[in-house]
Asks: 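I have a structure I would like to understand better, so I am pasting it below and will then ask my questions one at a time.
Every chain is numbered from 1 and lettered A, B, ... according to where its sequence line falls, protein lines coming before strand lines.
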Protein chains: 2
Amino acid sequence: MLDSPAGLVPLAAEDILSLAERAYRRLRDAIVDGSLPGGERISERSLAQTLGISAQPVREALRRLEAEGMVVTLPRRGTLVAEFGPRRLAEMGLIRIALEGTAASLAARQAGAEDIAALLGLLRAMRPLLQGNDIAALAEANERFHGRIEGLTGNSFLQRSLEALRAYDHFGRLRALRSTPQEPRRAWREHAAILSAIRRRDPERAEARMRAHVRRSLEASGILDAFNT
Amino acid sequence: MLDSPAGLVPLAAEDILSLAERAYRRLRDAIVDGSLPGGERISERSLAQTLGISAQPVREALRRLEAEGMVVTLPRRGTLVAEFGPRRLAEMGLIRIALEGTAASLAARQAGAEDIAALLGLLRAMRPLLQGNDIAALAEANERFHGRIEGLTGNSFLQRSLEALRAYDHFGRLRALRSTPQEPRRAWREHAAILSAIRRRDPERAEARMRAHVRRSLEASGILDAFNT
DNA sequence: GCGACCGGACTGCAATAGCAGATTGCAGAC
DNA sequence: GTCTGCAATCTGCTATTGCAGTCCGGTCGC
């Protein structure tokens with residue numbers, strides 16, 4: 001075997017995304033940020049044309065979006081962007097509370113020492129951000145922390161579901177962090193508490209704390225108002 | 001409008017399922033019952049041939065199964081049936097506990113009077129089954145009850161996810177009902193308790209009771225043993 | 001004028017063909 | 001015997017074409 005030249009690292013498979021995957025992300029983002037408003041009719045063919053690809057990957061992306069509730073297609077008639085009002089967003093929020101809780105529980109059950117070290121590192125890295133007010137950086141660090149926890153469950157179904165759910169309140173989260181100046185610190189403390197439960201291998205506590213954290217965060221951004229909780 | 005001859009009922013949209021949908025169910029069932037064992041390599045082409053359809057719907061079915069964690073595909077290399085040992089089944093069980101709980105919570109929030117009446121009807125219909133020991137009928141009534149609750153959340157994401165999860169422990173549930181003679185009565189009482197919470201529009205209680213019910217049911221069938229709960 | 005009808009222009013769905021990575025095995029060089 | 005490189009043959013992925021429902025607008029019969 002060749003001894004590999006320094007600085008040459010194996011290619012990540014994530015660099016090359018399929019057209020279907022890229023179409024999916026593009027569409028999801030467009031729906032989330034409102035450039036594809038609810039009720040908008042979209043056809044596989046025309047979409048394919050505007051994206052410069054064939055209809056098949058577009059179709060694949062649409063089916064996936066349909067499974068995630070962002071699009072609804074009436075057979076042989078057309079597919080349109082789903083309308084999700086505050087009610088729908090609140091529903092998705094409740095689902096996210098539940099799934100993030102389960103993720104935390106699983107993480108507490110099967111986290112290795114190095115996983116916990118990595119989480120600690122992420123938590124520490126968030127600390128300096130509390131001083132400034134770079135909301136975008138905070139949000140990203142936030143998502144990285146949650147994403148890491150979900151990742152170490154090793155459950156692809158859970159990960160995929162949560163990724164889809166996150167799209168729903170991506171903007172709500174920014175709002176939450178901005179809403180009150182003490183929100184970032186509060187979130188940080190809650191993250192620390194969750195991590196300590198994971199560290200102690202305490203699934204029940206980790207789940208409860210995660211649920212409380214996500215719920216409170218959603219409430220802070222007003223997403224759960226539709227259920228006047 | 002023509003007055004329709006007696007016994008002639010409008011066609012249900014479910015009669016005409018797309019090939020992709022049929023392929024999906026076929027494959028899912030085959031995986032669940034073990035005729036497609038874990039690790040088995042499956043190729044779009046050969047599968048299409050054996051099913052007598054083209055590769056496109058097969059591919060669609062596979063992508064969906066992948067999203068549900070029953071299949072894993074390595075890009076440009078192949079796709080194979082996922083191995084899910086007891087651990088994986090237990091994980092899915094935990095997720096199901098969470099989602100069924102959320103479904104019950106949502107149901108309690110937005111159930112109409114007629115929905116509750118329908119649930120009461122289902123519950124009453126299950127009662128005589130407690131006398132006999134037709135396990136299959138009991139299981140079906142069981143699923144109908146749960147399915148109705150999920151249905152009246154009106155959340156397609158939730159419904160679809162739960163349908164996928166149910167496939168995982170379909171057989172485990174039969175085992176649970178058979179395991180102990182008192183299990184069906186116990187399940188019935190728990191169902192009644194859940195329904196009463198929904199009826200009183202008490203989301204928290206409905207969620208808690210549903211979670212406890214599903215958890216206990218999963219424990220009875222040994223699915224959660226992998227986490228020595 | 002009014003309603004049934006019919007043809008074109010959509011739609012999602014499926015079939016077919018071909019592309020480019022990935023694997024395997026064999027032939028040849030050393 | 002071991003390694004290298006090529007080629008056949010897999011794979012998933014994408015493009016193209018065509019099919020069959022569905023909708024819509026004009027037209028014909030009354």
Asks: Could you check whether B:R63 pairs with B:E66 (Lys NZ or Arg NE/NH1/NH2 to Asp/Glu carboxylate O, under 4.0 Å)?
Replies: yes

Asks: If you pin A:P75 and A:L19 to their nearest nucleotides in DNA chain D, which one's is more 5'?
Replies: A:L19

Asks: Can we say A:R64 and A:E21 salt-bridge, meaning some charged N sits less than 4.0 Å from an Asp/Glu carboxylate O?
Replies: yes

Asks: Less than 4.0 angstrom from a charged side-chain N to a carboxylate O is my criterion; do A:R88 and A:E83 meet it?
Replies: no

Asks: Using a distance-only criterion (donor-acceptor N/O pair, under 3.5 Å, no hydrogens), is the base of D:dG12 paired with the side chain of B:R77?
Replies: no

Asks: Please pick, from C:dA14, D:dT11, D:dT14, the nucleotide with the shortest atom-to-atom distance to any side-chain atom of A:Q56.
Replies: D:dT14

Asks: Between D:dA15 atom C1' and A:L51 atom CG, what is the distance in whole Å?
Replies: 15 Å

Asks: Just the rounded figure in Å: distance from P of C:dA14 to CZ of A:R59.
Replies: 6 Å

Asks: Under a 4.0 Å threshold between the charged nitrogen and the carboxylate oxygen, would B:E100 count as salt-bridged to B:R215?
Replies: no

Asks: May I ask you to say what A:L80 touches in the nucleic acid, namely base, sugar-phosphate or nothing, with a heavy-atom cut-off under 4.0 Å?
Replies: nothing

Asks: Return no unless some side-chain N or O of B:S54 is found under 4.0 Å from OP1 or OP2 of C:dA14.
Replies: no

Asks: Distance alone, cut at 3.5 Å: any donor-acceptor contact between the side chains of A:N155 and A:T153?
Replies: no

Asks: Expressed as a whole number of angstroms, how long is the span from A:E60:CD to C:dG12:C1'?
Replies: 15 Å

Asks: B:E44 has an atom CD; how far is it from atom C1' of D:dC10, in whole Å?
Replies: 13 Å

Asks: Within the structure shown, what part of the strands sits under 4.0 Å from A:I53 by heavy-atom distance: base, sugar-phosphate, or nothing?
Replies: sugar-phosphate

Asks: Return yes if the base of D:dG12 and the side-chain atoms of B:R45 contain a donor-acceptor N/O pair under 3.5 Å, otherwise no.
Replies: yes

Asks: Just compare D:dT11, C:dC13, D:dC13 and give me whichever is closest to any side-chain atom of B:R41.
Replies: D:dT11

Asks: Is A:R76 close enough to D:dA20 that one of its side-chain N or O atoms is under 4.0 Å from OP1 or OP2 there?
Replies: no

Asks: As a test of reading the structure: which of D:dT22, D:dT11, C:dA20 is closest to the side chain of B:S43, going by heavy atoms?
Replies: D:dT11

Asks: Just how far, in rounded Å, is P of C:dG12 from CD of A:E66?
Replies: 11 Å

